[in-house]
Amino acid sequence: MKGLTQIFTVSAMNLRNLPQRLGSSSVAVFGVACVVGVFIGVLSMASGFQRTMISAGSPDTAILMRSGATSEMSSGLGFEEIQIVSQLPQVRRENGEPVTSAELYVIVDIPKRSTNTSANVPLRGVEDGAFEVRDGIEIIEGRRFETGRNELIVGRGAQQQFAGLDVGNTIQFGQMEWDVVGVFADKGGLSESELWTDVRVLQSAYRRGNSFQSLRVKLASEDALEALQAEVASNPQLDMDVHRETDYLSDQAEPLSKFIKGVGYPLAVLMALGAVFGAINTMYASVSARTREIATLRAIGFGAFPVAFSTLLESLILALIGGVIGSLVVYLIFNGYTVSTINGASFSQVVFDFAVTGDLLVQGIVAAVFIGLIGGFFPAVRAARLPVATALRET
Amino acid sequence: MSDANEAALDPQASAASAGNETALVHCTNLGKSYRKGKESVPVLSNLNLNIPKGDFLALMGPSGSGKTTLLNLLGGLDSPTDGSLEIAGERIDRFSRSQLTRWRARHVGFIFQFYNLMPVLSAERNVELPLLLTKLSSKQRKKQVAIALELVGLKDRAKHKPSELSGGQEQRVAIARAIVSDPDLLLCDEPTGDLDRTTADDILSLLQTLNQQQGKTIVMVTHDPLAAEYAQRTLHLDKGTLITGN
């Protein structure tokens with residue numbers, strides 16, 4: 001109990017002294033705030049991208065592409081293959097009809113609203129079944145495209161990021177003109193970066209005959225995937241790979257997520273090193289400013305541990321303040337901030353929001369705590385080892 | 001006191017013989033040296049000194065003579081390199097640093113030249129500090145703080161912070177802090193070095209009163225001969241040895 005009283009007394013006294021060291025303390029707080037800000041900022045980009053890629057995926061949906069294809073861009077499927085798969089028992093049927101969508105995927109050039117520079121935007125041809133396979137699709141403005149007409153619906157993210165995609169606009173790709181008739185949302189998922197039209201119209205516009213690039217099917221149940229894979233593998237007429245949609249999207253997201261984290265983590269670690277030195281410097285200055293006070297307490301009989309603890313606590317509190325400020329600023333500025341970037345896996349733009357999640361905030365605060373502890377450790381040791389007799393005479 | 005006076009011609013003998021039987025402090029061949037590179041620089045050497053309970057001893061001498069080093073050894077702030085140092089029956093020269101810390105809390109009160117009060121604490125909270133190291137309840141602590149502040153004449157300044165007090169008042173608070181836990185030994189390092197003459201006389205009178213009426217044993221380092229006159233006896237140090245006493 002006596003030990004706790006000592007710790008409490010010395011720490012409280014130290015913290016009450018903080019306003020007298022406002023300048024040097026602010027430097028440490030600012031340093032930690034910057035580190036935590038960059039750390040959370042970069043990771044929120046990665047997590048936002050990943051969330052966009054994965055969130056609209058469904059575990060009871062399968063995507064089929066040509067064997068060995070790593071993305072829809074490098075895949076190609078014939079009409080006969082589509083027909084065979086659609087009749088398999090592992091595919092869900094509603095009102096006697098298979099819930100599937102054979103799709104074509106092309107890239108079109110549209111200028112970005114922000115820079116007016118040309119960007120690769122995915123234009124997807126879908127069948128009516130697409131709206132059942134992806135059960136989160138919701139028309140939020142205008143209407144659906146009509147079958148057989150040069151009409152587009154545009155994802156919410158695409159409309160925000162790229163120019164000329166407002167409902168009622170006409171836009172030209174290649175030799176053809178397209179009317180924008182609606183805007184759709186898809187739970188914030190990848191589809192919201194895309195433009196959709198009738199797959200038959202797209203085949204004709206891009207002279208693709210009766211070929212497709214992917215087939216999305218709703219599984220009879222989540223567990224039906226393995227059976228479907230086995231069925232497809234055993235049928236010599238089919239040259240296809242079957243992936244669960246969530247796994248496929250996750251694989252698609254991985255390269256860019258890894259890249260962002262690969263840049264972000266080293267950057268954060270380097271900055272954290274700087275912040276640790278900043279904190280050490282601040283805390284040495286703090287111990288130096290309190291030399292006589294510490295020596296007096298030690299002379300009276302206060303132990304070395306409470307003195308060291310008070311220094312560590314000060315460092316921890318400064319780092320926590322920095323961490324909270326950094327997190328708050330990043331949250332206010334970046335959370336929900338929409339950007340678009342090229343996804344290397346599909347060579348097309350993905351529109352996504354920065355996602356400052358609770359997990360990231362916790363990680364940021366934990367990083368701040370580490371910086372505080374490391375930054376306070378050596379000065380705390382110095383405070384504990386202060387030569388009392390000499391320090392007492394310092395003015 | 002009388003023993004010391006009688007043996008004035010032989011300072012080491014006089015100091016050592018003072019109250020030998022009832023000595024609170026008993027230094028035998030005490031030495032302290034510091035290392036400077038590969039060399040050992042002696043600051044105190046072969047010092048024999050007894051301080052009886054209830055003594056008021058002034059230590060004088062030029063700068064660098066070892067006064068403060070001796071005071072630090074008596075206060076357990078530093079450890080001797082030679083000899084033995086027994087205070088209140090305990091060989092503190094054999095104590096570890098943490099043992100010395102605990103020992104200081106029980107046995108020594110310090111009074112410094114620049115008061116060394118905690119600027120963020122009120123007078124009464126400053127005085128209470130040594131009591132936080134005891135098992136006293138909050139109520140008991142408050143009572144003892146009030147008694148100590150009354151003894152130094154600052155009962156009405158209990159709630160004031162050091163910045164709101166004069167130099168003399170600050171030193172009185174420091175004295176109250178030094179006596180509040182009723183230590184065996186009060187150690188004063190130039191207690192009036194930062195005060196004007198009148199205030200210094202007030203402080204010295206207070207120390208004298210504490211010595212005469214409360215029976216406190218006081219060792220005071222000072223450069224000021226007028227301050228030394230308030231003590232029962234004065235010992236002079238030069239180059240780490242006792243050279244004279246009165």
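By convention in this document, chain letters (A, B, ...) are assigned in the order of the sequence lines, proteins followed by strands, and residues within each chain are numbered from 1. Computed from heavy atoms alone, side chains included, the values below leave out hydrogens, waters and symmetry copies. In this text the structure is predicted, and so the values were computed from the model without any measurement.
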>> As a test of understanding, state which of B:Leu154, B:Val145, B:Ile147 forms a side chain to side chain contact (heavy atoms under 4.5 Å, CB included) with B:Val127.
In response: B:Val145
> Heavy-atom distance under 4.5 Å to chain A: side chain of B:Arg97, backbone, both or neither?
Replying inline: side chain
>> If you count heavy-atom pairs within less than 4.5 Å of chain B, which of A:Ala299, A:Gly303, A:Ala304, A:Pro387 leads?
In response: A:Ala299
> Side chain, backbone, both or neither: which part of A:Arg298 has an atom under 4.5 Å from a heavy atom of chain B?
Replying inline: both
>> Just so I understand: if I count every heavy-atom pair under 4.5 Å between each of B:Thr69, B:Val108, B:Thr68 and chain A, which residue has the most?
In response: B:Thr68
> Sequence neighbours excluded, which residues qualify as ring pair (Phe, Tyr, Trp, His ring centres under 6.0 Å) partners of B:Phe110?
Replying inline: B:Phe112
>> On a heavy-atom basis, which atom in B:Val43 and which in B:Gly66 lie closest, and how many Å separate them?
In response: CG1-CA, 4.0 Å
> Checking heavy atoms, do the side chain of B:Asn116, its backbone, both or neither come under 4.5 Å from chain A?
Replying inline: both
> Just checking heavy atoms, which of residues 171-187 of chain B are less than 4.5 Å from chain A?
Replying inline: B:Arg177
>> To check you understand the geometry: which heavy-atom pair defines the closest contact between A:Val36 and A:Ser327, and what is its length?
In response: CG1-OG, 3.6 Å
>> Counting C-beta onward and ignoring hydrogens, is there a side-chain heavy-atom pair between A:Phe352 and A:Met45 closer than 4.5 Å?
In response: yes
> Is the backbone N or O of A:Ala355 less than 3.5 Å from a side-chain atom of A:Ser47, with the two atoms forming a donor-acceptor pair by type?
Replying inline: yes
> Got a salt bridge between B:Arg125 and B:Glu128, using NZ or NE/NH1/NH2 to carboxylate O under 4.0 Å?
Replying inline: yes
> Could you give the distance from CZ (A:Arg21) to OG1 (A:Thr282), rounded to the nearest 0.5 Å?
Replying inline: 10.0 Å
